J.: 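Could you have a look at this structure, given as structure tokens, before my questions?
To find a chain, count down the sequence lines: A is the first, B the second, and so on, and within it residues start at 1. None of these values were measured; they are calculated from a predicted model. These values consider heavy atoms only, across backbone and side chains, with no hydrogens, waters or symmetry-generated copies.
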Amino acid sequence: MSVPPHVTTRMAPSPTGLLHIGGVRTFLFNYLFARQHGGQNRLRIENTDTGREVAAAVEQIQESLRWIGIEWDGAITFQLERMDDCRRVAEQLVAEGKAYEDEGAIRFRMPNEGVTAWDDAVRGRVEVANETIEDLVLVRSDGRPTYNFASPLEDVWDGITHVIRGEDHISNTPKQIRIIEAIGGAVPVYAHVPSIFGEDGKKLSKRHGATGVEEFRAAGYLAPALMNFLALLGWAPDGETTIMSRDELVERFDLARVSSSPARFDYAKLDWMNGVYLRALSPDEFAQALVDYLREQGYDWDEARVRAAAPLVQEKIATLGEFPGFAGFLFHDVEPVALDGGADVVAAARAALAELEPFEAASIEAALRAVLERLGLKPRQGFAPIRVAITGSKVSPGLFESIELLGRETTLRRLSASGG
RNA sequence: GCCCCCAUCGACUAGCGGUCCAGGUCACGGCCCUUUCAAGGCCGCAGCACGGGUUCGAAUCCCGUUGGGGGCACCA
């Protein structure tokens, strides 16, 4: 596909609720394509309404985009502000006989013969018989332009060269092409990207899990991981490469390689990928990410201790959101767990740790292993009761490092509470 | 009902007529490592929706069927 000199794409969300992850994937493709060609990526709000809710949603959209790392160029435009211009064009069309009034509304005259076709950048040629397209309403009887009129007009006004949008717009495309031709505008290249479904093949919705960008953020996903994952939904550079930075994505993205068939959102794979990104962080970066995340989520846990705990969990959690559940015992008391057996080890462990010097992971391990050996217990069975007593769970970060971090006093107290 | 789009392992995909008894990743199963859980290493399971063509040769091209999805608004 030949690409015109000044590529301009656009992201056109409507300001309703949280920014949906499916829409973000489409926006990402716009962004990657524009950046790759050194072009512009515009942000246009398709609102036909005004109000506090809209203002809040617009702010939310920007915040979500900023967080995940999808940039836009120039000022944000609002569809609502161009309603007058749309009306003027409609009147002009009526004057030219290309549109007509109908019960107070203005309708576009669609041809009744022939076909309207375009070469879709991801699907190839698409043809629609004109007789199947009705004369669509351009301006409602109350004076407001419709989406199918305003959107193509804005594409022309903004010099959009590539309209990359969801496949649910395919049937709107012939109508919009006709309108653009009627006003003598340049018809952009259209690229309809496949939808994203939930794991059951149905439209991605709440019951599948998180759907809003902010929800993924709150769940502790890293922005680069989410972006990487999203990029691979409906596109692949070669079938081998899976982990790619934003720069690589920009460099390798290719509209022609975008799949035509819908993709399912695989939460398990996202978790895996997020874990890969988490582990790839340097210890300092990981600790910082953890600190920032916890603060954002409203935890007031001691920062120094969070940083100290970070190395114990970096290889064990897939999302930052797992940290509180996994390492919370380092920050708050745990419920003494009733043990069925194991009281002996716990008591022996308490005795061994009471006077231990220095109170460090290595010496703690040595002391505890000595206890187990004395009692003739396998590590597997011997450490379990101690772990439960100290962490309140059968699953935890490394026992010895955890005990060191917890300190002698707390450790002994928990051991005692569990029958030691 | 009419129009349009789609169809490779459970999932994301590579494949664009021979290099494919179909490759990679996630998930799943097994083994190793191991203080739990992970991580890591090794091995494995599993797919071209179906039926016709075209061709010396088809996962790849064409037609049909079936199955999904979207649209047919004075919604966006």
J.: Go ahead and name the base partner of C2(B); Watson-Crick or wobble counts if both distances stay under 3.5 Å, otherwise write none.
T.: G71(B)
J.: For S195(A) and P13(A), find the nucleotide of RNA chain B closest to each by heavy atoms; which residue's nucleotide sits nearer the 5' end?
T.: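 Closer to the 5' end of RNA chain B: S195(A).
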J.: Considering every strand and a 4.0 Å limit on heavy-atom distances, what is the contact class for A263(A): base, sugar-phosphate, or nothing?
T.: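 If one applies the 4.0 Å heavy-atom cut-off, A263(A) turns out to touch the sugar-phosphate alone, with no base involved.
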J.: Compare the minimum distances between each of A11(B), C74(B), A38(B) and the side chain of A105(A), then state the nucleotide with the smallest one.
T.: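 Closest nucleotide to the A105(A) side chain: C74(B).
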J.: May I have the distance from H169(A) (atom NE2) to C4(B) (atom C1'), rounded to whole angstrom?
T.: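 Rounded to the whole Å, the gap is 15 Å.
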J.: Rounded to the nearest angstrom, tell me the gap between atom CD in E373(A) and atom C1' in U35(B).
T.: 15 Å
J.: Can you find a donor-acceptor N/O pair under 3.5 angstrom joining the side chain of S396(A) to the base of C37(B)?
T.: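 Result: no qualifying N/O pair found.
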J.: Could you tell me whether D271(A) contacts a base, only the sugar-phosphate backbone, or nothing, with contacts defined as non-hydrogen atoms closer than 4.0 Å?
T.: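 Nothing, no nucleic acid heavy atom in range.
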J.: For nucleotides G1(B) and U19(B), find the distance between their P atoms and express it as a whole number of Å.
T.: 43 Å
J.: Give the nucleotide from the list U35(B), A7(B), C3(B) with an atom nearest to the side chain of V128(A).
T.: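 Of all the options, the side chain of V128(A) is nearest to C3(B).
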J.: Using the P atom on both, measure C5(B) against C62(B) and round to a whole Å.
T.: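 So the two P atoms sit 13 Å from each other.
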J.: Would you kindly give the CZ-to-P distance between R264(A) and C12(B), to the nearest whole Å?
T.: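 After rounding, the reported distance stands at 6 Å.
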J.: Does any nucleotide pair with A49(B) by Watson-Crick or G-U wobble geometry, both distances under 3.5 Å, and what is it?
T.: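 Paired with A49(B), as far as the under-3.5 Å criterion goes, is U65(B).
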J.: Are F265(A) and F197(A) near enough that their ring centres are under 6.0 Å apart?
T.: no
J.: Return yes when atom CD of E131(A) has more than 12 non-hydrogen atoms of other residues, nucleotides or ligands closer than 6.0 Å, and no otherwise.
T.: no
J.: Roughly, in whole Å, what's the span from CD in Q314(A) to P in G40(B)?
T.: 13 Å
J.: Choose from A7(B), C12(B), A76(B) the nucleotide whose nearest atom is closest to any side-chain atom of L233(A).
T.: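 Of all the options, the side chain of L233(A) is nearest to C12(B).
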J.: If I pick the P atom on U60(B) and the same atom on U55(B), what distance separates them, to the nearest angstrom?
T.: 16 Å
J.: Checking side chain to side chain donor-acceptor pair (under 3.5 Å) against R10(A), which of D73(A), N41(A), D155(A) comes through?
T.: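 Only one option passes, and that is D155(A).
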J.: Using side-chain contact (heavy atoms from CB on, under 4.5 Å), reason through F383(A) and R369(A) one step at a time and then give a plain yes or no.
T.: CA-CA 9 Å; F383(A) 287 126; R369(A) 281 191 189 281; 3.9 Å; yes
J.: When rounded to the nearest Å, what value does the distance between C1' atoms of G24(B) and C31(B) take?
T.: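 Nearest-Å result for G24(B) against C31(B) at atom C1': 23 Å.
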J.: Please determine, for the side chain of Q79(A), which listed nucleotide (U35(B), A11(B), A76(B)) has the closest atom?
T.: A76(B)
J.: To the side chain of R387(A), which of G15(B), U35(B), G23(B) is closest?
T.: U35(B)
J.: Quick one: which of G23(B), C37(B), U13(B) gets closest to the side chain of A236(A)?
T.: U13(B)
J.: State which of A76(B), C26(B), A38(B) makes the closest approach to the side chain of Y147(A).
T.: A76(B)
J.: Given the C1' atoms of C2(B) and G10(B), what is the spacing between them in whole Å?
T.: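 Result for the C1' pair: 35 Å, nearest Å.
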J.: Is F229(A) close to F216(A) at the side-chain level, that is, under 4.5 Å between some pair of heavy atoms?
T.: no
J.: Does the base of A76(B) carry an N or O that pairs as donor and acceptor with the side chain of N47(A) under 3.5 Å?
T.: no
J.: Is the H20(A)-F27(A) ring centre distance short of 6.0 angstrom?
T.: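 Here the rings of F27(A) and H20(A) have centres that are no less than 6.0 Å from each other.
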J.: Can you tell which of A76(B), U25(B), U35(B) lies closest to the side chain of S14(A)?
T.: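 Given the options A76(B), U25(B), U35(B), the side chain of S14(A) is closest to A76(B).
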J.: For L399(A), answer base if it contacts any base atom (sugar-phosphate contacts may also be present), sugar-phosphate if it contacts only those atoms, and nothing otherwise; contact means non-hydrogen atoms under 4.0 Å.
T.: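 The answer is base, as L399(A) lies within the cut-off (heavy atoms under 4.0 Å) of a base atom.
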J.: Given the P atoms of C48(B) and C56(B), what is the spacing between them in whole Å?
T.: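 27 Å, rounded to whole Å.
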J.: Which is true for G398(A) with a 4.0 Å heavy-atom rule: it touches a base, it touches only sugar-phosphate, or it touches nothing?
T.: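 Counting heavy atoms under 4.0 Å across all strands, the contact made by G398(A) includes a base.
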J.: At under 4.0 Å, does any side-chain N or O of R380(A) touch on OP1 or OP2 of U36(B)?
T.: yes
J.: Below 4.0 angstrom from OP1 or OP2 of U34(B), is there any side-chain N or O of R369(A)?
T.: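 Looking at the OP1 and OP2 atoms of U34(B), neither is under 4.0 Å from any side-chain N or O of R369(A).
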J.: Testing R264(A), E167(A), K203(A) for side chain to side chain donor-acceptor pair (under 3.5 Å) with S195(A), which one passes?
T.: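 Looking at R264(A), E167(A), K203(A), the match for S195(A) under the side chain to side chain donor-acceptor pair (under 3.5 Å) is E167(A).
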J.: Any side-chain N or O of R107(A) below 4.0 angstrom from OP1/OP2 of C74(B)?
T.: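 Answer yes for this pair, as a side-chain N or O of R107(A) is under 4.0 Å from OP1 or OP2.
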J.: Classify the nucleic acid contact of F265(A) as base, sugar-phosphate or nothing, counting any heavy atom under 4.0 Å across all strands shown.
T.: nothing
J.: Phosphate oxygens OP1/OP2 of G40(B): is one of them under 4.0 Å from a side-chain N or O of R279(A)?
T.: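 Indeed, a polar side-chain atom of R279(A) lies that close.
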J.: Assert yes or no for the condition that the ring centre distance of F253(A) to W235(A) is strictly below 6.0 Å.
T.: yes
J.: What nucleic acid atoms does R165(A) come within less than 4.0 Å of, heavy atoms only: base, sugar-phosphate, or nothing?
T.: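 The residue R165(A) makes no contact with any strand.
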J.: Measure from the side chain of T132(A), starting at C-beta and using heavy atoms only, and say which of A76(B), C3(B), A39(B) lies closest.
T.: C3(B)
J.: Starting from C1' on A39(B), measure out to CG on N274(A) and report it in whole angstrom.
T.: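 Rounding to the nearest Å, CG of N274(A) and C1' of A39(B) are 15 Å apart.
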J.: Taking the C1' atom of each, how far is C4(B) from G44(B), in whole Å?
T.: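 Approximately 43 Å lies between the C1' atom of C4(B) and that of G44(B).
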J.: Just how far, in rounded Å, is P of G71(B) from NZ of K175(A)?
T.: 11 Å
J.: Determine which nucleotide pairs with C28(B), using a 3.5 Å limit on both distances of a Watson-Crick or G-U wobble pair.
T.: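 Base partner found: G44(B).
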J.: If you assign each of E365(A) and E199(A) to its closest nucleotide in RNA chain B, which residue comes earlier from the 5' end?
T.: E199(A)
J.: Please report the distance, rounded to the nearest Å, between CD in E134(A) and P in A73(B).
T.: 6 Å
J.: Starting at atom CD1 of I133(A), determine the distance to atom P of C2(B), rounded to an integer number of angstrom.
T.: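 My rounded result for the distance is 18 Å.
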J.: For R178(A), is there an ion pair with E181(A) - N to carboxylate O distance below 4.0 angstrom?
T.: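 Between R178(A) and E181(A) there is a salt bridge, with a charged N closer than 4.0 Å to a carboxylate O.
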J.: Name the closest nucleotide to the K269(A) side chain, picking from C6(B), C26(B), A76(B).
T.: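 That would be C26(B).
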J.: If you measure from the C1' atom in C42(B) to the same atom in G18(B), how many Å do you get, rounded?
T.: 34 Å
J.: Has the side chain of K378(A) got a donor or acceptor that lies under 3.5 Å from a partner of the other kind on the base of U35(B)?
T.: no
